[in-house]
Structure formats: C-alpha cells, structure tokens
Amino acid sequence: MAADTIPSVDPSRRALLVGGLVAAGGAAIAAGSARSQSAPDPMAGHDMSNMPSDPYAAPMSGMAHGNMTTVGLVDHDRNGFDPTSMLTDWETGRTELLPDGRTLRTFEVDAVDREIEIAPGIFFPAWTFNGRVPGPALRAKEGERLRIVFRNLGSHPHSMHFHGIHSARMDGVPGAGLIGPGEEFIYEFEAKPFGCHLYHCHALPLKRHMHKGMYGLFVIDPDPARQSEPALSAVAASRVLGSPENANWQELAMVMNAFDTNFDGGNEVYACNTVGQAYMNAPIRIDKSRPVRIYLLNVTEFDPINSFHLHANFFDYYDTGTQLTPTLRTVDLIMQCQAQRGILEFSFADHEDGMYMFHAHQSEFTELGWVGMFDVRGPAA
Amino acid sequence: MSDQSQPTRPVLTRLLLVLVPLAAMLGAFVWIASLDPLRSFNNGAPAIEALTVERSILDETGIGLLVRAGGSEPMVIAQVAVDDAFWTFTQDPPGPIARGDAVWVQIPYPWVLGEAHFVNMLSNTGTAFEHEIAVAVPTPKATGGQLRLQALVGAIVGLLPVALGLMFYPAMRGVGRGA
Ligand SMILES: [Cu+2]
C-alpha cells in the first residue's frame with residue numbers, strides 16, 4: 001500500500017516517523033506501511049475496522065434520533081400546576097352587577113416566590129403570580145369594569161402591567177401600582193380593546209422580573225352586540241367564553257417561555273407553559289370533529305423571537321386578536337417577538353387520527369424543550 | 001548552654017506542664033466550635049457545584065464521559081444536552097455524586113466524525129457544566145490488533161535503525177586502519 005493511498009494519515013505524525021527513520025539512517029520507504037491511529041483503517045484488521053467512520057450512516061442500537069428528549073418526568077403536584085390543565089384553566093374572577101348595569105369583574109392575584117421544576121429534576125427559583133408560571137390566564141369580556149386586587153407576598157417589589165387601554169395611574173410601572181413586599185394595590189380599568197393580551201410585572205430590572213416568571217395571558221372576549229355586521233357578530237360570539245357559539249371550540253392557553261437557569265443571559269430550557277417537553281410526555285387530546293383555537297403568547301426573554309409551527313396542517317392567525325378577520329390566512333408558521341401574541345384557529349376534521357407535532361421552528365428551542373404533540377382522534381376514539 | 005545543667009523537676013510537675021496546655025488547647029477547640037466564628041460569613045449562598053470531565057470516549061454507542069464531582073454538596077446531573085439538544089443519558093453509578101466521586105455518563109448521541117460537539121450537563125439547580133469535544137474521532141481501543149500495531153511502530157523507530165546501523169559495523173571497523 002503506497003503512502004498516498006492512505007486517506008487520512010496525520011501528516012505531522014508521518015513526518016515525525018519518516019524524519020526519525022532518516023535520521024537513524026534507516027529506510028524511509030518503511031513509512032509507507034505505517035498506519036495512523038487517528039483514523040479507521042480497514043486494512044488493519046483490528047476491531048475499529050467494523051466501526052463506521054460516520055455514525056449517522058450506521059445502524060447503532062440505542063442511538064435513534066428519538067433520543068432527543070429530557071430524562072424523567074416533572075412532578076406537577078409538587079409544582080402545584082399542571083401544563084395540561086393549564087391549557088383550559090381560565091381565571092374568570094368573580095362578577096357583580098354595577099348600578100349602571102355594567103358588570104364589575106374582580107380578580108385576586110398574589111405575587112409569591114416559589115421554586116418550580118421546569119424540566120425533570122431541574123429547579124428554578126421563580127417569582128410567580130398565584131404560585132404558577134405562567135400566572136393565571138385572566139379572561140374578561142369587552143366593556144366590563146375590571147378590578148385586580150394585587151398583593152405582593154414576595155421578597156422584591158412587583159407590579160402588574162396590563163397590555164390594554166387604561167390610565168397612567170393604573171399602568172403598573174414605578175409610581176403607578178408598583179408595590180413593595182407586603183403591600184397591596186387595586187388596578188381598575190375597563191376591559192378594552194378585545195383581543196389576546198398579556199400582563200407582566202414591570203418592576204426593574206425588567207429582564208429579571210420577566211424571566212423569573214412574572215407574566216400571564218389576559219384575554220378580553222369581544223362583545224358581539226358591538227358588531228354591526230352579522231358575520232362578524234357571529235365570529236365575536238364564538239369567542240365569548242361560555243356562550244353557546246363558543247361551546248364547540250377547543251380553546252387552549254399557551255405561553256411560550258424559557259428559563260435561564262444559570263443566569264448567564266441565555267436560556268437553558270425552552271417550553272410552552274413552563275415545563276420543557278410537557279406535551280411530548282402528555283400529548284394534548286384533540287377531538288377532530290371540533291375546531292381548535294389557541295391563545296398564544298410569547299414571553300421568552302433573551303431571544304429576539306419565538307415561533308409556532310403546526311405539523312401537517314395550516315391555520316388562520318389573528319395577530320393580537322383585536323380583529324375578527326384573520327391577519328394571516330392559511331399559514332403553518334407564525335413568529336412572535338416578546339409580548340407579541342395572537343389567536344390561531346384550525347381544524348383536524350379531515351385528517352386521519354394520529355399524533356401531530358407542534359413546536360417552535362427555531363430548532364434550538366425545539367430541542368431544548370419547546371415541542372409538543374396533538375393527539376388527534378374522533379370524539380369517541 | 002551545655003555547661004548549665006537543668007535542675008531536675010519532679011515527674012508530677014513535668015506531667016502537669018504538658019497536661020495544662022493540652023487541656024487549654026482542648027478547651028479552646030470546644031470554645032471555637034461552639035462559637036462558630038465563621039457563621040457570619042454564611043450569607044445564604046447556595047452550595048458550590050463543580051463537575052469535571054476527566055475522560056471522554058467516542059464510539060459506536062455514542063459519547064461516554066467520566067465525570068468527577070467537586071461540589072460542597074453531592075451533585076445531581078438532572079439533564080444532559082448535546083449541541084443544544086436535550087438527550088437521553090445513563091449514569092453509572094446512578095444517584096447523587098458525592099464530592100470526589102466519579103461516574104460514567106453515557107449519551108447515545110450520533111456524533112459526527114471530525115466535527116465539534118458541546119456537551120452541557122445541567123445540575124438540579126440548573127447550573128450548566130459544559131464540555132467541548134473539539135474534534136470528534138473514535139477513541140482507540142486497547143485490543144490485540146492495536147497493540148501489535150504499536151509494537152510494529154516501536155520496532156520501526158527503535159529496533160530497525162539500530163539493526164541497520166550495526167550492519168555497517170564490519171565496514172566501519174576497517175575505517176582509518178589502512179593509512
Ligand atoms: Cu416583579
């Protein structure tokens with residue numbers, strides 16, 4: 001075997017060998033049969049000959065790409081919240097009728113320090129609203145009077161800053177509803193505009209208070225009576241939680257978030273509703289005879305955008321949810337920057353039963369936890 | 001000094017001269033321990049965590065890492081990510097790793113020949129311990145074939161030159177004699 005037919009002999013090693021031989025007065029030609037240890041050589045006859053040079057090319061037991069997963073399961077009971085029940089757990093507060101005939105809706109929210117398990121075995125010292133991350137998914141109806149009684153039971157100053165229309169005094173920034181530990185503040189404003197919104201703590205530094213877990217959905221359902229066009233009024237009615245028109249929809253609350261567990265300004269775990277890979281371990285059951293509506297919010301810190309991609313299907317997208325006609329029609333991917341949110345509507349009516357994946361289409365986010373499955377079946381299956 | 005002879009003390013006195021400072025020393029130990037003077041330095045900081053990769057083996061089963069713990073408390077490897085992707089792994093022996101102990105972490109990851117890989121081990125507190133595999137190549141194994149090859153290389157660089165050199169001995173023995 002000539003030296004130049006050996007594909008990957010380390011040149012420096014060969015030079016050393018040859019140089020040594022020449023210096024010793026030996027025959028340089030002997031180097032031609034010297035074999036490198038650094039590359040597989042089928043001529044050598046030892047056991048590296050059955051090792052493929054490219055592991056991807058060979059069937060290796062236990063090395064399927066399905067191993068891209070976390071190990072173990074999160075203890076949802078210990079966390080005090082379960083990503084599956086969170087999908088449909090809307091906080092509607094309590095209501096009473098005001099003298100002028102309007103509805104007053106009151107929410108009670110406490111800021112609480114709490115250690116939560118964000119991926120199996122990984123614990124994060126979170127700051128929470130009502131002990132959960134994301135905080136309660138508040139839901140109201142357009143035109144209602146809202147009161148949010150906010151108590152700070154945590155160790156740092158916090159606030160609730162609502163994305164909506166309200167006065168400066170109610171904005172949840174320093175000097176306007178940002179309170180210290182042990183204090184209480186009541187935010188009051190009208191529920192408007194209708195849409196898919198959010199609230200979050202606006203204490204400074206904002207980055208830290210955001211990524212520690214202080215955010216949640218704030219959905220305002222449209223008032224069908226305010227729509228003059230019958231078609232739009234029907235769309236509005238379908239969005240009103242508890243209405244007959246709404247009953248057929250499968251509505252899901254999803255918050256795309258991430259956690260910087262070592263506080264180096266980059267996220268270690270990505271998720272939808274906090275727990276990495278939660279909906280891989282417990283796929284979301286979808287009745288394919290009924291349409292699906294997702295209230296989607298991105299609160300991921302440190303990364304400029306997040307995204308939502310649906311497999312084997314397309315959806316209509318209502319950015320911020322403030323319109324009753326779609327912003328985007330028939331897409332399978334949308335992007336959201338931090339605090340951007342919107343409503344996704346789709347149907348699996350014509351699909352065969354099966355597991356349909358959804359995830360961020362930043363592969364890194366996907367493989368670090370933000371991935372899930374819809375378990376699509378008929379109503380009785 | 002040698003001309004001044006020490007007066008000889010009674011045995012009991014000499015014993016006391018040892019016992020009194022010894023008792024004082026023991027008393028001081030107990031006092032210091034009860035006082036815990038370092039407690040003011042305890043600021044509630046979390047335990048120090050340390051993981052060191054001592055060996056890495058790349059083969060047809062994936063990536064194997066010999067990992068030694070050096071934390072102030074036993075360490076727990078909660079998850080492992082390779083190239084920013086969570087990956088299944090096994091730990092042998094399993095469980096928390098005491099300070100100074102080492103375990104093998106086996107990751108069935110399809111590594112790519114000649115390319116770089118980053119292994120990130122996350123502890124239960126979310127602390128990240130990164131290990132870079134700069135150029136992925138299969139780890140040589142100590143087999144009969146491998147040892148024969150290394151013996152051959154040793155013979156080429158060690159024995160062959162000497163043998164060849166000695167072959168010149170008869171000729172060189174005559175150099176300078178024929179003057
Ligand atoms: Cu805060």
Side-chain angles (χ1 to χ4, degrees), chain A residues 16-17 20-21 23-27 30-31 33-35 37-41 44-56 58 60-72 118-125 259-264 268-269 276-277 363-364 366-369, chain B residues 46 49 58-62 76-91 106-114 120 122-129 135-141 143-150 152-153 155-158 160-165 167-168:
Chain A
L16 183 74
L17 203 56
L21 282 169
S33 61
R35 289 189 169 90
Q37 296 173 48
S38 63
D41 183 349
H46 58 80
D47 82 330
M48 273 165 63
S49 64
N50 56 30
M51 171 174 295
S53 58
D54 181 356
Y56 272 114
M60 274 173 284
S61 58
M63 277 186 78
H65 292 189
N67 285 342
M68 193 282 293
T69 178
T70 49
V71 175
I118 54 161
I122 300 179
F123 295 86
F124 181 79
F259 297 91
D260 175 15
T261 61
N262 61 349
F263 302 99
D264 66 347
E268 273 66 41
V269 177
Q277 293 211 335
S363 312
E364 180 195 351
T366 310
E367 298 191 317
L368 286 174
Chain B
E49 301 181 64
L58 276 66
D59 61 18
E60 68 279 4
T61 67
V76 174
I77 301 175
Q79 299 295 338
V80 172
V82 185
D83 301 335
D84 283 335
F86 283 123
W87 218 263
T88 58
F89 70 98
T90 54
Q91 180 189 316
Q106 188 63 39
I107 314 155
Y109 186 84
W111 53 273
V112 181
L113 182 71
N120 191 11
L122 288 173
S123 78
N124 54 326
T125 68
T127 307
F129 297 93
V135 183
V137 291
T139 307
K141 291 179 181 176
T143 61
Q146 189 70 15
L147 289 176
R148 271 199 306 282
L149 268 182
Q150 291 182 356
L152 178 66
V153 172
I156 289 172
V157 300
L160 188 63
V162 177
L164 290 175
M167 287 170 72
F168 288 100

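Everything quoted here is computed from the prediction, not taken from an experiment.
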(request) Check whether A:F123 gets within reach of chain B through its side chain, its backbone, both or neither, counting any heavy atom under 4.5 Å. (result) both
(message) Looking at every heavy atom in both B:F86 and A:V269, which two are closest together, and how far apart are they?
(response) CZ-CG2, 3.8 Å
(message) Please give me the minimum heavy-atom distance between B:Q79 and A:I122, naming the atom from each residue.
(response) CG-CD1, 3.7 Å
(message) On a heavy-atom basis, which atom in A:G121 and which in B:A78 lie closest, and how many Å separate them?
(response) O-CB, 3.4 Å
(message) Just verifying a value: how many Å separate B:E49 CD and A:N262 CG, rounded to the nearest 0.5 Å?
(response) 10.5 Å
(request) Can you see which heavy atom on B:D84 is nearest to which on A:E367, and at what distance? (result) O-CB, 3.7 Å
(request) Might you point out which heavy atoms bring A:N67 and B:P108 nearest each other, and give the distance in Å? (result) ND2-CG, 3.4 Å
(request) Output the option from B:A81, B:A136, B:G126, B:A163 having the highest count of non-hydrogen pairs under 4.5 Å with chain A. (result) B:G126
(message) Measuring from atom OG1 of B:T127 to atom CG of A:D264, what distance do you get when rounded to the nearest 0.5 angstrom?
(response) 10.5 Å
(request) With a 4.5 angstrom heavy-atom cut-off, could you sort out which part of B:A128 is near chain A: side chain, backbone, both or neither? (result) both
(message) Looking at every non-hydrogen atom in both residues, tell me the closest pair between B:T88 and A:V71 and how far apart they are.
(response) CA-CG2, 3.6 Å
